[in-house]
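Everything on this sheet refers to the single structure shown next.
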Amino acid sequence: MKYIKLIIRIAIAVILIQTLRFKFTAHPDSVYIFTEVGLEPYGRIGIGVVELVASILILIPRTTWLGSLAVIGIIGGAIMMHLTQLGIEINNDNGLLFYTAIVTFLLSVVSLWFARKDIPIIGKKWFSAHSN
């Protein structure tokens, strides 16, 4: 189980980190997406920085819960943008970005579940008491 948790965390970080080159180099697809939702260029760069921080946090065992929460928030927003403004398919990608976001979101939920006892204040108190 230890290795499954690690593989999930690494998969999330790899997905996020590999998309950063598109955000930070102003790739035309990335610029298009953030222009469509009215967040170009500051949102593109800002979200890229938050994704980088979340990628690091998710790999550190003590902060996995925080990284997972951050990814859930970021990717949840991306999914909502796909569903409300962008559509599933972006520039003929056959929905690759959307489906990758869904997978990343679900992996982050699983990662947060595994790390739930590490959440300060409520983690050990709440989840240990209710796991009987």
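All values derive from a computational prediction rather than experimental measurement.
Residues Y3 and I10 do not share a hydrophobic cluster, clusters being chains of Ile/Leu/Val/Met/Phe/Trp/Tyr side chains in contact below 4.5 Å. Hydrophobic cluster membership is shared by V110 and Y99, with clusters built from Ile, Leu, Val, Met, Phe, Trp and Tyr side chains linked at under 4.5 angstrom. V31 and I47 fall into different hydrophobic clusters, defined by Ile, Leu, Val, Met, Phe, Trp and Tyr side-chain heavy atoms under 4.5 Å apart, directly or through other members. Note: the hydrophobic cluster containing I15 does not contain F24 (ILVMFWY, side chain heavy atoms under 4.5 Å, direct or indirect links). One hydrophobic cluster holds both V14 and I72 under the rule that ILVMFWY side chains link at heavy-atom gaps under 4.5 Å.
The backbone N or O of I58 lies less than 3.5 Å from a partner atom in the side chain of T64, making a donor-acceptor pair. Under a 3.5 Å cut-off, the side chain of S30 and the backbone N or O of H27 do not form any donor-acceptor pair. Side chain of R44 to backbone of K23: a donor-acceptor contact under 3.5 angstrom is found. Between the side chain of R9 and the backbone N or O of L6, no donor-acceptor pair lies under 3.5 Å.
Listed here is the closest heavy atom pair of N92 and E89: CA-OE2, 3.2 Å. Nearest heavy atoms, W65 versus P120: CZ2-CD, 3.1 Å. S108 approaches V71 most closely through the heavy-atom pair OG-CG1, 2.9 Å. A pairwise comparison of heavy atoms in I88 and L83 identifies CD1-CD2, 4.0 Å as the closest pair. Scanning all heavy atoms of the two residues, the minimum distance from L16 to S55 falls at CB-OG, 3.3 Å.
A 4.5 Å side-chain heavy-atom check between E51 and L20 finds at least one atom pair inside the cut-off. Here the side chains of I8 and F114 are in contact, with some heavy-atom distance below 4.5 Å. Here the side chains of D29 and F22 are not in contact, with every heavy-atom distance at 4.5 Å or above.
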- Item | H82 vs I90, side chain to side chain contact (heavy atoms under 4.5 Å, CB included): CA-CA, chis, key distance, verdict | CA-CA 9 Å; H82 275 278; I90 304 287; 3.7 Å; yes
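We find the CG-OG1 distance between L52 and T19 to be 10.0 Å, quoted to the nearest 0.5 Å. With rounding to the nearest 0.5 Å, the separation of CD1 in I75 from CG in L107 is 11.0 Å.
Results of the side-chain contact (heavy atoms from CB on, under 4.5 Å) test with T100 over V103, L96, I102 single out L96 as the only residue that passes.
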